[in-house]
Amino acid sequence: MAIIERPAPTVPAIVTPTTTYGSLKRPVSATGWRSWVFTVDHKKLGIMYGATAMFFFIIGGVEALLIRLQLAAPNGKVLNADLYNQMFTMHATTMVFLFVMPMAAGFANYFVPLQIGARDVAFPRLNAFGFWALLFGGIFLNLAWFLGGAADGGWFMYAPNSGPVFSPSNGVDFWALGLQIAGIASLTGAINLIITVLNMRAPGMSLMKMPIFTWMITVVQFLLLFAIPVITVALFLLSFQRNFGARFFDVAAGADPLLWQHLFWIFGHPEVYVLILPSFGIVSEVLPVFSRKPLFGYPFVVFSGAAIGFVGWGVWAHHMFASGLGPVSVAVFSLTTMAIAVPTGVKIINWTLTMWGGKLWFTTAMKFAIGLIVLFTVGGLSGVTHAVAPSDTQQTDTYYIVAHFHYVLFGGAVLGIFSGFYYWWPKVFGKMLNEKLGSWNFWLMVIGLNLTFGPMHILGLQGQPRRMYQWTEARAGEGFFNLAFWNLIASIGSFVLAVGILMFLINVLITARNPQKAPLDPWNARSLEWMTTNPPKEHNFDVVPTVHHLDDFFHQKYEEDPVTHTMKQVRTAEEIMAEQERNADKHIHMPSPSYWPIVLAFGLPVITFGLIYSHLISVIGGVIVLFAAYGWALESSTAPDSDFETNTPGTGLDKVASNHD
Amino acid sequence: MSRRQFDIRLSVTIASVRIVLRRVFRPLIIVGGISALSASCATNAPQDTWQPKGPNSKLIDDLQQPVFAVAGIIGLIVAVAVIYTMLKYRDRGQPIPEQTHGKPALEITLTIIPALILAVVSVFTFGAIFKLAKTDDTEMIINVTGQQWWWEYDYPVQNDFGITQPIISSGQLVMPVGTKVLLRETSRDVIHSYWIPALNGKRDAVPGRIQTLRLEADEPGIYAGQCSEFCGLSHANMRMEAVALSKEDFAKWVANQQAPYVAPAKDTLAKQGEEVFLNQCVRCHQVNGLTRADGTPAIAAPDENVWSGAAPNLSHLMSRNTFAGAMFNLLSKQCRDEVWNASSDVVGAKYLAGVTEQCLNQKDLRAWLRNAPEVKPMYANPADLAVSDGKYRGMPYLALSEDDINKLVAYLITLK
Amino acid sequence: MTINTADKTHEQQHGMSNAGYIRIAVILAAITGLEVSTYYVDFGVLFLPALLIMMVIKFVMVVSYFMHLKFDNKMFSFLFYAGLVLAVGVYAAFLATFKFFIQ
Amino acid sequence: MTDTAQGHASSTGISNVKLGMWAFLGSECLLFGGLISTYMLYRGRVTGGPRPSQIFDIPFTSVSSFVLLMSSLTMVLAVSAAHKDDDRKTNLWLTVTALLGATFVGGQVYEFTAFYKEGLGFSTSLFGSSFYTLTGFHGVHVTVGIIMLMSLVGILKRSSVPGKKAEVVEMIGLYWHFVDIVWIIIFTLVYLIPV
Ligand code: HEA
Ligand code: HEA
Ligand code: CUA
Ligand SMILES: [Cu+2]
């Protein structure tokens, strides 16, 4: 989108591209699919991230259901060993890299600029590129299913089992290269959001007035910025070994398989905080809104988030307690791992204290947020039992670990994401999700998840290892703790869970058909993203807000009664909006759509495809990338004035444009 | 608030807490409560991690039980606090509350308490880590090698235990009771992990490294275990058992393992089986003392045929109860149960009886010989062996006739 | 494409003169000479520390002067040194687990 | 690749692109850190083929290291000229920088061929794999730098660079210096410190 002319904000200016960059003219901002494919608008990209993530969530979920079907009874026959191994590898890869991370990226893309009062991100085209790279990387990863079998080494792909002899199909190649592409996407996204937060905040919004969601996203982006290159190295080593005969994990040449484990988990542990912190951010927004109180101990929550991010770098070897690190390393990493429970505890405590003394409104969003507090704690506490290294040697690689990480991932990250859906749906789509169905959605999910993952504690402590395509009655035991019963319960639970998630999808469909529009400020919210229309205008805010408080929007609506210390409403959201419209900025200058991000992103899977099949294809991919980079470099982010039909003389447009070029 | 009101409020609160607990948190409670109970419960799965049977696992258990308890209590506190808050502060039309931003003193206190708890836990953790890493009090060494998808045990010469020549075995680790055994683990292909829950935690068997694991059993018995690092197709079928024998029984076992080869009598089915074995099997499997017709010793060369460079040594196959990575029993179900459920004073004798003809699990053994990759997933399809230089991973399909299988079974049963 | 002149002078104030850059380059060249000399001359026990110190000096000089980090906004330094310090810390610990802590 | 949102000016007055470049370089520290650590772990593991000390040619590498170091000087002179709006000098120094960089890469290609002839292939040993991967990654970075420098010269001649010209030169400069400091580390750790 190019220029929005005041006072007619709904009619976008039409761009007539006259200048050719490289070889293509700039796309015309139209309606229809082109307005999505070539968009650089952070909100559209946010929605596309969300839709992509949801799509992969269902794929990963169906893979999970197949896993549970196979394990429901002894000697399962639904999948064979080979297929089962592909299934859990791709289930985890899909859920982690193609569901939770992109979903968080979607939320971040959509709401960070809105929360800090910006009109877009720092690098809009890079943003678009990141999305397309992620989508193409995800598709590329899953292509392997149709080309001889997907990756089968488990999501942490330990060497040397990932080597060419032990995993001869191309699955691991697709996996390594696909993650490499997704990694590029995350890295560009991280740089983009960091710069956006550091550099594009509205006047008056100091770091300590930033909404907590934005804070947590910022911490996450720093984690990604520094963790992605580590997995990049690991994946390169693996690809070089598989495709070019390097020896990195070849024990016969003297290689040490622990090299891979270290590199993977140096990335992998920060990665798990990448998965959880966005959800921590979401519930830290939701809980105050529905408690009608500010977040308790905001600075503590901010610093604990940063502390989790920082300490998270020093704990990676807790995934290797049984690998044979030697007692000194084990002791050190055991200690640092326990230390992480402290800042995480700070969050749990502060959320509870946020609700304490509040006026609690149990919307679906709130229910999911509260669900997160309790269920994440369950997962976190089992995490602490792993941190005690000697007991971890009994637990590691059993279902007890599977229970741990599904409680933190599903009970934590996913519940947080669902809380965000219900909370922000009216903001993004201008319609309220149905609360009644939401309630069903919540309860079925919570019951389902406890039924699915709760029994896994028992299974694990009873000695059932993970990643077994079959279990046998011979080792199932008898009595109350017999594995057969609890495996069956877990499998039943997973279908309850699926029905719960189905409720959400139904809710979305129903909501889409419901003509009723959402009110402007349905939750009586607190932060800046609510200080605009639903959905927000292309340029987000008519006036770039000036910030005075944490929760500035709330404080514009309410004032404290000096005597009773209760809050009195002084203005409504509608009044605030009306005032904004009256004072709307003239000549808002938005970045223009571009072909190059998607073209550049498309070149990447072509290159990697060629690495597996024929280097000639790689050359073609390289040409595409160079061609796109060239066009990108020559194209300015915003179309020049001559491209605008509505460029009437005397509007001052010329000045705006050249200032920014 | 009057006393009565308060009482009513309290009972209502408690009742609602109960309802919520019952509805939502029942699974949690079940898990938590049951976990606590299970320490005392018997009849669990054979790999239960809460039933230590040796000093190393007891050390772990003594450490972890209080940790589980602390974690459970903290979890309960959080759950109760959240539910209580939910009930107490639900919207009853009260005014929008004061916008309190926090109470630093309270926050700091609530930060320090968990830190202190964890400091205490870590002290005990440290002690246990170093105790479990000790190697200087070892009494007996057994080398353990993992490969896809079974374990090989190699007892180096240790005269104290009557081991005067190396013993090579697979599937079941036989060890003397009350002895500090040190496993020296490695792997021939990918990473595996050795784990007998009743005796100790896991230790990965990493190719290119030799790593140690302490094992010691208090009582004679059979303890189940399972490879617990993902190692490819048949990871699920890579099991093991540790057999702890009294010192006398162990000595008998050692003597048997070192007993010379007894060739089957002429003109028996078994003798014909030996012939088939010499034709088909010795290229991979070693039977110590077995000679060819011309009197030369038959030396297996598995590294030419198997990627990991080994196949189980079958010299005393019938002295063990299981085969193919403990995936199958060599004993029929009934005989097996008799050994497994034997009390600790007779289990040794029962175990040393080995596999008799009546007790042999013919069905699984025959199925194995008929087509091993069909009953245990292995990379043994000749069409797919290019990547492994034509070598199998696991035992291939050998296209044996039923006749040959009969002969082989008759022969194998003689390998006491 | 007009160039914002205000910005230009801003950069200039904090930069260095060309002569200054050449001085830095000369020092860098001299240190490199010294480094290479360790290959020919025996430094004894000082060998490793001397080499590492010289490496760090060169590194910091290029970053501070050629890359202007010394004169620029602290935010740049934060972004870069955060990565650098993290990298050194994490990878040193990683190598240490292989070298020093094994049983 | 300058790309700034035009919504409103940055809140700090700092250039987005420059901030982004520094963030990227911070991230690159972990990339090269990983490659260097892998090399440090594996440099002594030679089961076949030559050992490092048998093939390294310190005088030769010293010269090419010196060339790369000096390219940092010429780069900084280009940036300085760009800030003074002196297009002729900017182009001159950029070209010289690219040439010095190309000399370095040429030296590396020569070195690789020499090592290969002496029996060190990519698959020969762990030392070989990790040596070529580390120095190869660095070489690719230099090559990308050269391409950017040359394109910049071309674009500057046509005067169609979007955004602030001096800033673009400066960005490429930052990247170039980074590649240089990585080599400062590699030169010491890989070449000068014997296994
Ligand atoms: C969202 C992702 C997420 C999160 C947030 C965490 C959080 C934690 N994790 Fe988890 N973890 C995973 C995802 C995550 N983990 C995954 C995916 C794996 C498996 C990977 C694989 O093998 O495939 C794993 C595995 C894993 C292991 C390795 C297990 C093994 O394989 O042997 C360990 C070991 O220490 C561990 C520990 C912890 C700890 C201590 C925390 C802590 O951060 C938790 C802190 C939280 C609390 C403790 C609760 C709240 C605190 C209080 C109420 C205060 C009071 C508490 C105390 C005094 C104890 N995790
Ligand atoms: C964010 C991460 C995430 C999420 C959300 C999940 C979600 C689920 N996981 Fe996942 N899981 C992992 C991350 C995750 N998992 C990881 C990292 C591993 C380790 C892998 C490894 O060892 O390498 C793992 C491993 C793992 C295992 C162990 C496999 C093994 O070790 O052998 C199991 C087994 O039960 C399992 C089950 C499930 C189930 C039932 C869900 C459910 O919650 C899924 C619910 C979702 C749906 C069900 C989809 C939506 C459904 C519908 C829309 C219904 C309509 C459609 C139909 C019914 C057809 N997972
Ligand atoms: Cu061997 Cu798993
Ligand atoms: Cu971790």
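- Within the 4.5 angstrom heavy-atom criterion, no atom of C:Ala82 approaches chain D.
- Ranked by heavy-atom pairs under 4.5 Å with chain C, the list D:Asp180, D:Ile185, D:Ile36, D:Val182 is led by D:Ile185.
- Neither the backbone nor the side chain of C:Ile24 has a heavy atom closer than 4.5 Å to any heavy atom of chain D.
- At least one side-chain heavy atom of D:Thr90 sits under 4.5 Å from a side-chain heavy atom of D:Val169.
- Contacts between D:Met75 and chain C at a heavy-atom distance below 4.5 Å are absent for every atom of the residue.
- Ring pair D:Phe137/D:Phe32 is perpendicular by interplanar angle, where above 60° counts as perpendicular and below 30° as parallel.
- No hydrogens or angles considered: a donor-acceptor pair under 3.5 Å links the side chains of D:Thr61 and D:Glu111.
- Across C:Leu86, C:Asn73, C:Val85, the residue that shares the most heavy-atom pairs under 4.5 angstrom with chain D is C:Asn73.
- Using bins of under 30°, 30° to 60° and over 60° for the plane-to-plane angle, the ring pair D:Tyr191/D:Phe56 lands in the tilted bin.
- Of the charged side-chain nitrogens involved, none lies within less than 4.0 Å of a carboxylate oxygen, so that D:Glu167 and D:Lys18 do not count as a salt-bridged pair.
- At a 4.5 Å heavy-atom cutoff, the contact between C:Phe80 and chain D is made by backbone and side-chain atoms alike.
- Neither the backbone nor the side chain of C:Phe78 comes within less than 4.5 Å of any heavy atom in chain D.
- Looking at C:Tyr40, the atoms closer than 4.5 Å to chain D (heavy atoms on both sides) all sit in the side chain, from C-beta outward.
- By the 4.5 Å heavy-atom criterion applied to side chains, C:Leu52 and D:Ile193 are counted as neighbours.
- Ranked by heavy-atom pairs under 4.5 Å with chain C, the list D:Val79, D:Leu31, D:Leu174 is led by D:Leu174.
- There is no contact between D:Ser27 and chain C, counting heavy-atom distances below 4.5 Å.
- Heavy-atom distances place the side chain of D:Phe187, and not its backbone, under 4.5 Å from chain C.
- Residue C:Phe76 touches chain D through both its backbone and its side chain, counting heavy-atom pairs closer than 4.5 Å.
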Which is it for D:Lys157 and D:Asp87 under the salt bridge (Lys or Arg N to Asp or Glu O under 4.0 Å) test, yes or no, and what are the steps along the way?
-> CA-CA 8 Å; D:Lys157 287 224 163 99; D:Asp87 278 6; over 6 Å; no
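- Checking C:Val41, C:Asp42, C:Thr38 one by one against C:Phe47, the side chain to side chain contact (heavy atoms under 4.5 Å, CB included) holds for a single residue, C:Thr38.
- Interface summary for chain D: among C:Gly33, C:Ala29, C:Ala92, the most heavy-atom pairs under 4.5 angstrom belong to C:Ala29.
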Evaluate side-chain contact (heavy atoms from CB on, under 4.5 Å) for C:His68 paired with D:Glu170, printing each intermediate quantity in order.
-> CA-CA 10 Å; C:His68 278 151; D:Glu170 202 184 333; 4.3 Å; yes
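- Considering only heavy-atom pairs separated by less than 4.5 Å from chain C, the leading option among D:Ala23, D:Ser65, D:Gly33 is D:Gly33.
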